[in-house]
**Student:** 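Before anything else, here's the structure in question.
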Amino acid sequence: MRLDHVERGLENLQRDFPLQARISNEPELIQRTHTQILRFWIVRSNPPSAQHFPEAALRRLIALDAVVSSVEGLGAYPFSAKETSIRVAHGKHRPTFAMCAVDALAIPLFWKSLVRLESRCHACGADIELDLGPCVDSPCAVDAPLVFMHFLNRQTRTEHPACSGLCTAIYFLCPDCARNLTDTVYTVQEAQCIGQMFFAFQTTLLQAFPERQENWS
């Protein structure tokens, strides 16, 4: 693993999408609501509806681009309420969709289990299937997919929420299509490491706001 490459990738991702900085600066109600939405995803593997959460807190989370509201329900990075090209499945969870390739690689951290990831090469459309656990030190096959991360200019970052801007430029490539790319391509291990470090603050919040009896029925 190229640690300097991982560090630069994480710095660029946090610059383009400062999710941790946004949430960390919010009062407890906002952080707690964000954690409740995320826990719903982890436990049920499907999007919650807005009615379960305080309206003012939810509006703030949407304004921060920490939560994405749609007719399908509430998305919460890394989980997408809308169907995407990246599907993540596990025997104990309903299949769900990830916002982008790096988000998909972070989901095993939340589920604490092995997952089956299904996507396709963004360039040639070849099917991609990957069995992935929460540890980043597992060996990868020679023909494993790679992750392309194209970071955005400042104007593009501010014009669109991450799910419809930055996330569309972070995707899987097959080895053949990634052959001539260098600085913007990461191995699965490297990208998973970036994803886990990016979302580490959420696991801290989940511990800070323990599970309680929620009115989710």
**Student:** Check whether any side-chain heavy atom of Leu132 sits under 4.5 Å from a side-chain heavy atom of Val188, and report yes or no.
**Tutor:** yes
**Student:** So, for Phe148 and Phe172, is the gap between ring centers shorter than 6.0 Å?
**Tutor:** no
**Student:** Are Phe201 and Leu29 co-members of a hydrophobic cluster defined by side-chain heavy atoms under 4.5 Å apart?
**Tutor:** no
**Student:** Rounded at 0.5 Å granularity, tell me how far NE2 in His34 sits from CZ in Arg39.
**Tutor:** 12.0 Å
**Student:** Hey, could you give me the CG/CG distance between Leu206 and Leu38, rounded to the nearest 0.5 Å?
**Tutor:** 5.0 Å
**Student:** Just wondering, do Gln202 and Phe110 contact through their side chains at under 4.5 Å, heavy atoms?
**Tutor:** yes
**Student:** With a 4.5 Å cut-off on side-chain heavy atoms, are Cys124 and Cys174 touching?
**Tutor:** yes
**Student:** Any donor and acceptor pair, going by atom type alone, linking the side chain of Ser119 with main-chain N or O of Ser85 inside 3.5 Å?
**Tutor:** yes
**Student:** Calculate, to the nearest 0.5 Å, the distance between atoms CE and OG belonging to Met99 and Ser164 respectively.
**Tutor:** 9.5 Å
**Student:** Roughly how far, to the nearest 0.5 Å, is the CZ atom of Arg15 from the CG atom of Leu166?
**Tutor:** 9.5 Å
**Student:** Would you say the side-chain atoms of Gln196 pair up with the backbone N or O of Pro134, donor to acceptor, closer than 3.5 Å?
**Tutor:** yes
**Student:** Can you check side chain to side chain donor-acceptor pair (under 3.5 Å) on Thr184 and His150, steps first, answer last?
**Tutor:** CA-CA 6 Å; Thr184 53; His150 175 68; over 6 Å; no
**Student:** So, the side chain of Gln31 versus the backbone of Glu26: is there a donor-acceptor pair under 3.5 Å, distance only?
**Tutor:** yes
**Student:** Does Glu83 reach the main-chain N or O of Phe97 with its side chain, forming a donor-acceptor pair under 3.5 Å?
**Tutor:** no
**Student:** Any non-hydrogen side-chain atom of Phe79 less than 4.5 Å from a side-chain atom of Ile42?
**Tutor:** yes
**Student:** Are Met1 and Phe198 connected, step by step, through hydrophobic side chains (Ile, Leu, Val, Met, Phe, Trp, Tyr) whose heavy atoms are closer than 4.5 Å?
**Tutor:** yes
**Student:** To the nearest 0.5 Å, tell me how far Leu74 CG sits from Leu61 CG.
**Tutor:** 9.5 Å
**Student:** At what distance, to the nearest 0.5 angstrom, does SG of Cys121 lie from CG of Leu146?
**Tutor:** 10.0 Å
**Student:** State, without any angle test, whether Glu72 and Ser70 hold a side-chain donor-acceptor pair at a distance under 3.5 Å.
**Tutor:** yes
**Student:** Has the side chain of Thr168 got a donor or acceptor atom that lies under 3.5 Å from a matching backbone atom of Gly165?
**Tutor:** yes
**Student:** Using only atom types and a distance under 3.5 Å, with no angle test, would you say the side chain of Arg116 pairs donor to acceptor with the backbone of Ala89?
**Tutor:** no
**Student:** Tyr77 vs Phe199, test: ring-ring contact (aromatic ring centres under 6.0 Å, His included). Steps then yes/no.
**Tutor:** CA-CA 9 Å; Tyr77 304 93; Phe199 288 109; 7.6 Å; no
**Student:** I'd like to check Leu105 versus Leu117 (side-chain heavy atoms, cut-off strictly below 4.5 Å). Are they in contact?
**Tutor:** yes
**Student:** Answer yes if Leu109 and Ile194 sit in the same cluster of Ile, Leu, Val, Met, Phe, Trp and Tyr residues linked by side chain heavy atoms under 4.5 Å apart, and no otherwise.
**Tutor:** no
**Student:** Would you check if Cys100 and Tyr171 make a side-chain contact, meaning some heavy-atom pair closer than 4.5 Å?
**Tutor:** no
